[in-house]
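As the structure is a computational prediction, the values presented were derived from the model and not from experiment. Just so you know, these numbers use all the heavy atoms, side chains as well, and skip hydrogens, waters and symmetry mates.
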Amino acid sequence: MTHFKPFIQQLIELRNTLFRASVSFIIIFICLSFYANDIYSFFSAPLIAKLTDGNKLVSTGLTSTFLVPIKITAFVSFLLSLPFIFYQFWRFISPGLYKKEKKLILFSFVSGFILFFIGMTFAYYLIFPIIFNFFILMTPTNVSLMIDISNYLDLILSLLISFGLAFEVPVIIIILVTLGWVKVKTLEEARPYMIVIAFIVSAILTPPDVISQLCLAIPLWFLYEIGLLVSKRINLKA
């Protein structure tokens with residue numbers, strides 16, 4: 001850990017860090033905005049593949065056809081700019097950290113970033129088809145299903161973020177155990193309560209149907225067990 005810099009100099013560096021992080025997001029967003037419709041098509045593909053004749057995506061607002069692709073492009077731009085944003089903040093805070101703290105923060109970001117993408121990929125390729133198929137099959141035969149693209153955007157963003165965050169569970173457990181804030185034995189004893197919490201969290205974060213809740217609750221439980229297993233191995237090596 002190096003010596004502390006004057007307060008004013010730290011504020012100037014923080015301002016420059018925020019500026020560079022913002023610029024990275026804006027540049028990526030501008031570049032991707034030319035492909036906004038293609039990005040939207042990619043995220044709407046799981047639903048389009050399940051729609052049958054007479055059922056389709058519609059827009060009930062004049063601005064939705066423009067704003068929905070732009071919003072999802074902004075979401076993708078933010079995700080892609082995260083490594084550079086982290087690097088900027090890392091340059092700002094790392095001089096004040098000890099070696100052990102640097103390792104823990106690097107591990108948290110890299111593993112958390114990778115698991116977040118794995119969670120979203122899991123939702124996109126495995127969960128979306130199951131959920132969309134369920135809802136379409138439940139549509140009465142005398143009803144034409146017309147899904148508003150704004151509602152669809154809200155649904156897929158909430159699912160992508162929910163599954164991305166759910167996959168952070170192993171990282172959170174490992175951090176808590178590494179810092180000594182929680183013991184592995186305590187987490188093992190709390191397993192029945194964590195299963196209940198997994199279902200409660202799933203009920204809050206997913207659409208109000210059993211399929212969606214099971215699709216999130218079961219992976220949450222599984223990831224909790226992975227976090228425990230890795231924490232045990234780390235404790236044995238320590």
(request) Calculate, to the nearest 0.5 Å, the distance between atoms OH and CD1 belonging to Y125 and I130 respectively. (result) 15.0 Å
(message) If I take atom CD from residue E13 and atom CD1 from residue I8, how far apart are they, to the nearest 0.5 angstrom?
(response) 12.5 Å
(message) Taking atom CG as the centre, does L62 end up with more than 12 heavy-atom neighbours from other residues, nucleotides or ligands that are less than 6.0 angstrom away?
(response) no
(request) With the side chain counted from C-beta on, respond yes when N151 and L155 share a heavy-atom pair under 4.5 Å apart, and no when they do not. (result) no
(message) If I compare all heavy atoms of L223 with all of F167, which pair ends up nearest, and what's the gap?
(response) CD1-CA, 3.5 Å
(request) Give a yes or no on this: more than 12 heavy atoms of other residues, nucleotides or ligands lie within 6.0 Å of atom CZ of F117. (result) yes
(message) What's the separation between atom CD1 in I195 and atom CD in E225, rounded to the nearest 0.5 Å?
(response) 7.0 Å
(request) Look at the side-chain heavy atoms of Ile, Leu, Val, Met, Phe, Trp and Tyr, link any pair under 4.5 Å apart, and say whether V23 and L82 land in one connected group. (result) no
(request) Determine whether F75 and I27 fall in the same hydrophobic cluster, where Ile, Leu, Val, Met, Phe, Trp and Tyr are linked whenever their side-chain heavy atoms lie under 4.5 Å apart. (result) no
(request) Using side-chain contact (heavy atoms from CB on, under 4.5 Å) as the criterion, point out the one residue from K103, E101, K102 that pairs with K99. (result) K103
(message) Check whether S41 reaches the backbone of N37 with its side chain - one donor and one acceptor, N or O, closer than 3.5 Å.
(response) yes
(request) Describe, in one word, how the ring planes of Y87 and F84 are oriented to each other, choosing from parallel (under 30°), tilted (30 to 60°) and perpendicular (over 60°). (result) tilted
(message) If we ignore hydrogens and angles and just use 3.5 Å, is the side chain of Q88 paired with the main-chain N or O of L18 as donor and acceptor?
(response) no
(request) Specify the closest pair of heavy atoms between M120 and L160, including all atoms of both residues, with the distance to one decimal. (result) CG-O, 3.3 Å
(message) Pair S59, T65 - check side-chain hydrogen bond (donor to acceptor under 3.5 Å, both in side chains), show working.
(response) CA-CA 7 Å; S59 173; T65 53; 5.1 Å; no
(message) I'd like to check L228 versus R191 (side-chain heavy atoms, cut-off strictly below 4.5 Å). Are they in contact?
(response) yes
(request) Of all the heavy-atom pairs spanning P46 and K50, show the shortest one and how long it is. (result) O-CG, 3.4 Å
(request) May I ask you to decide if L187's main-chain N or O and Y224's side chain share a donor-acceptor pair within less than 3.5 Å? (result) yes
(request) Consider only side-chain heavy atoms of I, L, V, M, F, W and Y, link residues closer than 4.5 Å, and tell whether L157 and F42 are in one cluster. (result) yes
(request) Please examine the side chains of R91 and T17, heavy atoms only from C-beta on, and report whether any two atoms are closer than 4.5 Å. (result) no
(message) Once rounded to the nearest 0.5 Å, what's the spacing between atom CZ of R20 and atom CD1 of I85?
(response) 12.5 Å
(request) Check S77 against L32 and note the closest heavy-atom contact, atom names and distance. (result) OG-CD1, 3.6 Å
(message) For L179 and L104: C-alpha separation, side-chain torsions, deciding distance, then whether side chain to side chain contact (heavy atoms under 4.5 Å, CB included) applies.
(response) CA-CA 9 Å; L179 292 175; L104 185 61; 3.5 Å; yes
(request) With the side chain counted from C-beta on, respond yes when K232 and K185 share a heavy-atom pair under 4.5 Å apart, and no when they do not. (result) no
(message) Taking the side chain as everything from C-beta on, heavy atoms only, tell me whether F116 gets closer than 4.5 Å to E168.
(response) yes
(message) Test of understanding: clusters of I, L, V, M, F, W, Y form through side-chain heavy atoms closer than 4.5 Å, transitively. Do I118 and V76 belong to the same one?
(response) yes
(message) Using only atom types and a distance under 3.5 Å, with no angle test, would you say the side chain of S202 pairs donor to acceptor with the backbone of A217?
(response) yes
(request) Please report the closest heavy-atom contact between Y124 and P129, naming both atoms and the distance. (result) O-CD, 3.6 Å
(request) Find the distance between OH (Y40) and CD1 (I72) and round it off to the nearest 0.5 Å. (result) 8.5 Å
(request) Establish, from distance only, whether the side-chain atoms of S33 and T73 form a donor-acceptor pair under 3.5 Å. (result) no
(request) Find out whether L47 and I136 are in side-chain contact, i.e. whether some heavy atom of one side chain is under 4.5 Å from a heavy atom of the other. (result) yes
(message) I'd like to know whether L214 forms a side chain to side chain contact (heavy atoms under 4.5 Å, CB included) with F199, so could you lay out the CA-CA distance, the side-chain angles of the two residues, the decisive distance to 0.1 Å, and finally the verdict.
(response) CA-CA 8 Å; L214 286 175; F199 278 90; 3.6 Å; yes
(message) Is the ring pair F128/F132 parallel, tilted or perpendicular, if the boundaries are 30 and 60 degrees?
(response) tilted
(request) List the atom of L51, the atom of L57, and the distance in Å for their closest heavy-atom pair. (result) CD1-N, 4.0 Å
(message) Closer than 4.0 angstrom, basic N to acidic O: yes or no for K183 and E189?
(response) no
(message) Once rounded to the nearest 0.5 Å, what's the spacing between atom CG of L165 and atom CG of L115?
(response) 11.5 Å
(request) Please answer: with hydrophobic residues joined when any side-chain heavy atoms are less than 4.5 Å apart, are I226 and L229 in the same cluster? (result) no
(request) Go through the steps for I12 and Q9 under the test side chain to side chain contact (heavy atoms under 4.5 Å, CB included), then give the verdict. (result) CA-CA 5 Å; I12 293 173; Q9 188 177 349; 5.6 Å; no
(message) Let's go through I28 and F78 carefully: what are the C-alpha distance in whole Å and the side-chain angles of both, what is the deciding distance for side chain to side chain contact (heavy atoms under 4.5 Å, CB included) to 0.1 Å, and is it a yes or a no?
(response) CA-CA 8 Å; I28 294 175; F78 175 71; over 6 Å; no
(request) Would you mind reporting whether I149 and V58 have side-chain heavy atoms less than 4.5 Å apart? (result) no
(message) Please determine whether the number of non-hydrogen atoms from other residues, nucleotides or ligands lying under 6.0 Å from atom CH2 of W221 exceeds 12.
(response) no
(message) Angle between ring planes, F122 versus F163, binned at 30° and 60°: parallel, tilted or perpendicular?
(response) tilted
